[in-house]
Chemist: 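Sharing a structure with you now.
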Amino acid sequence: MNRLSIIFISALILCGHAAAQTGADYSRLTADNHPRLLFSEDDFTRLKEIVSSGSDELVLKLHEHAMAVAGKDGLDDSHIEFRLDASGKRLLPVCRKTLGRLLPAAYAYKMTGDKKYLRHVVSDLNDVCSFDSWNPRHFLDVAEMATGVAIAYDWLYNDLKPGMRAYVAEALDEYALQASRLKDETWFYGRIGNWNQVCNAGLVTAALAIYERSPELARTVIEDAVRTNRPAIEGIYGPDGAYPEGPTYWDFGTVYQTLMLTLFEDCLGTDFGLSQVPGFLNTGLFKVYARGNVAKQFNFGDNSTGCAPAWPIWWFAARNQNPSLLYHEMVTLASDKYRTNVHKGFIPYAIRFAMQLETAEIVEPEGGMYAAQGNVPMMMCRTGWRKNDLYLGIKGGKGGYLHGHMDAGEFVFDAYGVRWAADINRQAYAKVENGIRKLGGKLSDLSQESLRWELMRLNCRYHNTLTVNDRNHDVEYVVPMVAVENTSERMGASFDMTGLFRGDLGRAVRTAAICDGEYLEVRDSLRGGETPARVRWTFVTEASPVVFSDGIVLTKNGVRMLLKTEGTEVEYMIWSADPLDYDSVVRDVDSAVKDTYICGFLLTVPPRSDVTLVTTLKRLD
């Protein structure tokens, strides 16, 4: 036997060993085994029994939402047209609209047998499968469209006419699977962020739906997803489950991540060990703690304060058999947000996992603190889970991370029913993208000199952090969390911010804590550099501020709080929240911030001197 033969046989043995290790079974992906994505025919039968008996309140409530969406959006007679958004690059609103029509209507047909739902699904499939493409230059569009089309195709496979089945399968093959072979458009394979999760999940959904049509290509897509998604999960969730892009993007990236893992298990009998990556099964706690006590999230980076349906939390509640993860979700479920959310097509996904909960008793989560290391280390804690209890969130990380701002060291704080320390909500992307593009820049450019950092909402001057000598933060320095305190007297964490200031300070360590369950303390230990350092200490708030000689009095909803600092002489300030008041090249791109104030103080740190600021926020009444 020659050397090449030995190498070839050895390679076959290794490949066979690798295949055996994964335990993937493709034998169930046949034409006579539909539906197979999220629900089998037996699952739908069981679900009908639960709904008709009214035996599960959570499932019943979700079902009511699904049927309401199916009756409104699913029966929308308007045709779906190929139309890019205002930025000229995204088809995403159309893709989400399609998913939000297809899945609820397909679900309603499976549950009722009413042909009106089937007719509308067929009409919508005809529309989107007649597009020239699903816009692969912005591959999130392909992924979300493929998800909706593939699941509708799978659920209604036995009810679609053969010609229609072939037409839809051809579109999934060409617009999704074949498009994933375009190297110029598929950089997401190497991304450690939501693009990797969403794009891989959309492609896997399409591959599993039409596997019997294009088995070789489908299997290649699946193998690529497993190979490239593993480092993404490790980088995103490791080691403790925090989502570095923030809670809004957690909703988006993690619902697709868990969808993909579920489909792997359902269709192939394994999730390839992806769910066992350290930190992943703990990330439900990140989402629970990212919501404060006044129905607002810790909206660092490009995130929103709004609490939309947390679709993935249903997966984690079922997987961990921990219904307390749904504690906040019950408020959202009781509202109309499940029917109006941009991702409302995922209601059947939530139903799938609600069916798996062994108990529907929802109690407060245990503990009062969540601290996590990772790409964006953070700590979130609370004295309780009620509106008037105290809540604190503080983060490190770097501005140059995906969807990042110059907000390392920033904190939010809730107490007595008010968010006192806030983070300004971001603007819609399209206007900002277009405005910066006209100035010769790109919003997605995360480099130090990017025009992105001139935006008021994104730079350090308008976050609850420090600015030194009026310079922007160093966007590549990763602010680490260096200590955590969790006692009855103090709940908080410390972050070393020194590297943000490029030599203007010799040391900058910030500690934020809830003290004695009653007030906020922010301690900044600073050391001067070789020259005097002018430090701006910023506090963004939704309360009305009035400056006094010994601090700033904040008033909101009849509650008064005093913000004051000790340790050195400072000048208390209120700055404008209107970008037009500043000499900035992007002043016309930014929008004014309504009902939000920017206050704080200024001080000078002498060269090579140590200054410790102890800033407190205490109730006056």
Chemist: Quick one: salt bridge (Lys or Arg N to Asp or Glu O under 4.0 Å) pairs with a partner in residues 396-408, sequence neighbours left out?
Modeler: Lys395-Asp407, Lys398-Glu476
Chemist: Hey, does Phe346 have a side-chain heavy atom less than 4.5 Å from the side chain of Tyr256?
Modeler: yes
Chemist: Mind checking what makes side-chain contact (heavy atoms from CB on, under 4.5 Å) contact with Arg426, not counting sequence neighbours?
Modeler: Tyr249, Asp302, Tyr429
Chemist: Which residue pairs pass the salt bridge (Lys or Arg N to Asp or Glu O under 4.0 Å) test when at least one of the two sits in residues 577-587, sequence neighbours left out?
Modeler: none
Chemist: Which heavy-atom pair separates Tyr582 from Trp575 by the least distance, and what is that distance?
Modeler: OH-CB, 3.8 Å
Chemist: Please determine which of Asp224, Leu203, Thr220, Val142 meets the side-chain contact (heavy atoms from CB on, under 4.5 Å) test together with Ser180.
Modeler: Leu203
Chemist: Have a look at His473 and tell me which of Met406, Gln448, Arg502 forms a side-chain contact (heavy atoms from CB on, under 4.5 Å) with it.
Modeler: Met406
Chemist: Determine whether Phe264 and Ile222 make a side-chain contact, defined as any pair of heavy atoms from C-beta on separated by less than 4.5 Å.
Modeler: yes
Chemist: Using modelled atom types only, decide if a donor and an acceptor are shared between the side chain of Asn293 and the backbone of Asp414 within a distance under 3.5 Å.
Modeler: no
Chemist: Quick test of your reading: applying salt bridge (Lys or Arg N to Asp or Glu O under 4.0 Å), list the pairs with at least one residue in residues 528-539, sequence neighbours left out, ordered by first then second residue.
Modeler: Glu530-Arg608, Arg534-Glu571
Chemist: Any pair with a residue in residues 233-258 that passes salt bridge (Lys or Arg N to Asp or Glu O under 4.0 Å), sequence neighbours left out, goes on the list, sorted by first then second residue, please.
Modeler: Asp251-Lys287
Chemist: State the CG-CG distance between Leu261 and Leu274, to the nearest 0.5 angstrom.
Modeler: 5.5 Å
Chemist: Name the atoms and distances for all side-chain donor-acceptor pairs under 3.5 Å in residues 589-598, with sequence neighbours left out.
Modeler:
from, atom 1, to, atom 2, distance (Å)
Asp590, OD2, Met456, N, 2.5
Ser591, OG, Gln427, NE2, 2.9
Ser591, OG, Lys431, NZ, 3.0
Thr596, OG1, Lys594, O, 3.2

Chemist: Does the pair Glu542 and Arg419 meet the rule for a salt bridge (Lys or Arg N to Asp or Glu O under 4.0 Å), with working shown?
Modeler: CA-CA 7 Å; Glu542 298 168 0; Arg419 172 146 293 181; over 6 Å; no
Chemist: For Phe280 and Tyr237, take the angle between the two ring planes, folded into 0 to 90°, and tell me which bin it lands in: parallel under 30, tilted 30 to 60, perpendicular over 60.
Modeler: perpendicular
